[in-house]
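Report on one structure; see the data block that follows.
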Amino acid sequence: MRQPLWFFDLDNTLHDASGVIFPYINQAMTTYVAHRLGLSHQEASQVREGYWRRYGATLLGLVRHHEIDPHEFLRETHKFDEVTGRHLHDLAHIISGEKNLRFVLNRLPGKKVLLTNAPKAYAEKIMKELGIHQCFHAVEAIEDMVIHHKWRPKPDTLMLRRVLQKYRVAPSKAVLVDDTLGHLLEYSKLGLRTVWFKRHVRTHTHNRGRVSLEVQSIHQLFKRWQKIR
C-alpha cells in the first residue's frame, strides 16, 4: 500500500484521554444515567459499563432500552464544565498528545479520516488543541454514524461499509488505527488492515486475532507502517 486511506481513532490514540478526560466522561455518563433512570450512582455505573461492553457504546444501550435522546446525552456528557468551568472552551491544559504529532501525521502518505465514537464538537475541539485539524481530510463522528434513523457507532459493520463507499476505497486499501481491540478484530473481518495502538491500553490479552500491526506511538507507526500486510 503506497497511499492507504487512514482511519484514526481519537481518544487514547491521538491523545491521552485516560488521565482526566475519560474519568470525567465516565462520571458525567453515570450522573446522567442515574438522573434519567432514577438509579443510585452504583447502579448507574453498572448500567453504563454494561451497555458499553454489550454494544461498544453506552449511548446505544440507552437509546435502545430507554429511548434516551442521543443528542442530549452527548451534550450533557461532554460539557467539561466541572473540569474547566467552561463548555469545551478551554481544554488545553488537560490535552496531552505526542511531541511533533502534526509533523509525523503529515509525513504519513495517504489521506486521513478521523473515525470516532465521540461527538463532533468534542472531536474538533481536541484536534484543534492538538494542532492536527488540518492533517485530516474529514471527521466522521458519532452523529455521522446514523443509518435509517439508527445509531451505528464503531464497531458496526454497516456503518463502516458506508464510510468505505463514501471515500470510494476498497477495504484492503484502508487502515484503521485504534486502541480498542474489539473494533480492530471486527473490521479485520471486512478485509481492513488494522493497527492496534497500545500506548494507553491497560488490559492484557492473547486474543490479537488478525491485527496487522501493533504500535506504542504514532512515531512508531510512521517507522513501521510499510510492514502492514
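Predicted model, so just to flag it, every value in this text is computed and none were measured.
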Nearest non-hydrogen partners of P155 and Y187, listed with the distance: C-OH, 3.0 Å
Value for CG (N26) from OG1 (T77), rounded to nearest 0.5 Å, stands at 10.0 Å
Given side chains that start at C-beta, do those of H15 and D11 come closer than 4.5 Å, heavy atoms only? yes
Taking S45 for the side chain and H41 for the main chain, is one N or O donor matched with an acceptor at less than 3.5 Å? no
Heavy-atom side-chain proximity of Q216 to F197 below 4.5 angstrom: no
Calculate, to the nearest 0.5 Å, the distance between atoms NZ and OG1 belonging to K189 and T194 respectively. 12.0 Å
Between the side chain of R193 and the main-chain N/O of G191, is any donor-acceptor distance below 3.5 Å? yes
Enclosure of E72 CD (heavy-atom neighbours >12, cutoff 6.0 Å): yes
Side chain proximity check, P153 to L59, heavy atoms < 4.5 angstrom: no
What about W52 and F22, same hydrophobic cluster or not, with Ile/Leu/Val/Met/Phe/Trp/Tyr joined at side-chain heavy-atom distances under 4.5 Å? no
Please round to the nearest 0.5 Å and tell me the distance separating atom CG of L114 and atom SG of C135. 11.0 Å
Would Y51 and H66 count as a close aromatic pair, with their ring centres under 6.0 Å? yes
Plane angle bin for W151 and H71 - parallel if under 30°, tilted between 30 and 60°, otherwise perpendicular: perpendicular
Carboxylate-amine/guanidinium contact E124 K128, below 4.0 Å: no
Report yes or no: do E140 and Y167 form a side-chain donor-acceptor pair below 3.5 Å? yes
Could you check whether R36 pairs with E67 (Lys NZ or Arg NE/NH1/NH2 to Asp/Glu carboxylate O, under 4.0 Å)? no
Any salt bridge linking D16 with R199? Criterion: basic side-chain nitrogen under 4.0 Å from a carboxylate oxygen. no
Of K198, K227, R224, the residue whose pairing with E214 passes salt bridge (charged side-chain N to carboxylate O under 4.0 Å, His left out): K198
Over all atoms of both residues, closest heavy-atom pair of S96 and L130: C-CD2, 4.5 Å
Selection residues 104-120 - residue pairs positive for side chain to side chain donor-acceptor pair (under 3.5 Å), sequence neighbours left out: K120-D144
Given side chains that start at C-beta, do those of E98 and V104 come closer than 4.5 Å, heavy atoms only? no
Whether the side chain of T58 engages the backbone of R48 through a donor-acceptor N/O pair (distance < 3.5 Å, no angle test) should be reported. yes
Does the side chain of V33 reach to within under 4.5 Å of the side chain of I68, using non-hydrogen atoms? no
Sidechain-backbone polar pair: T180 side chain, H183 backbone, donor-acceptor under 3.5 Å: no
Y55 vs H65, ring-ring contact (aromatic ring centres under 6.0 Å, His included): CA-CA, chis, key distance, verdict: CA-CA 12 Å; Y55 297 112; H65 299 288; 5.8 Å; yes
Side-chain heavy atoms of L10 within contact of Y122, under 4.5 Å: yes
Under the side chain to side chain contact (heavy atoms under 4.5 Å, CB included) rule, what do I21 and I25 come out as? Steps first, then yes or no, please. CA-CA 6 Å; I21 292 180; I25 292 175; 3.7 Å; yes
Restricting to non-hydrogen atoms, name the atom on K173 and the atom on V169 that form the minimum distance, rounded to 0.1 Å. CB-CG2, 3.6 Å
I want to check something: taking the side chain as every heavy atom from C-beta on, are R161 and L190 in contact at a cut-off of under 4.5 Å? yes
For the hydrophobic clusters of this structure (ILVMFWY residues joined by side-chain heavy atoms under 4.5 Å, transitively), does one cluster hold both V175 and L108? yes
Distance col, row Q46:CD vs T30:OG1, nearest 0.5 angstrom, shows 10.5 Å
Testing the basics here: between M159 and I147, what is the closest heavy-atom pair and its distance to 0.1 Å? CA-CD1, 3.7 Å
Flag the pair V139 / V113 as yes when at least one side-chain heavy-atom distance between them is below 4.5 Å, and no otherwise. no
Using a 3.5 Å distance criterion without hydrogens, assess whether the side chain of W196 forms a donor-acceptor pair with backbone atoms of D179. yes
Once you round to the nearest 0.5 Å, how far does CZ of F7 lie from OG1 of T13? 14.5 Å
Strictly by modelled atom types, are E43 and S40 linked by a side-chain donor-acceptor pair under 3.5 Å? yes
For the pair D178 (side chain) and D9 (backbone), establish whether a donor and an acceptor sit closer than 3.5 Å, ignoring hydrogens and angles. no
Could you pull out the closest heavy-atom pair between P109 and W6, with the gap in Å? O-NE1, 2.8 Å
For residues E143 and A118, report the shortest heavy-atom separation together with the two atoms involved. OE1-O, 4.2 Å
Is there a donor-acceptor pair under 3.5 Å between the side chain of N100 and the backbone N or O of F103? no
Taking the inter-plane angle between the rings of F136 and F8 on a 0 to 90° scale, is it parallel (under 30°), tilted (30 to 60°) or perpendicular (over 60°)? perpendicular
Any chance you could measure I228, atom CD1, to L213, atom CG, to the nearest 0.5 Å? 5.0 Å
Carefully, step by step, assess V177 and L14 under the rule side chain to side chain contact (heavy atoms under 4.5 Å, CB included). CA-CA 10 Å; V177 184; L14 292 175; over 6 Å; no
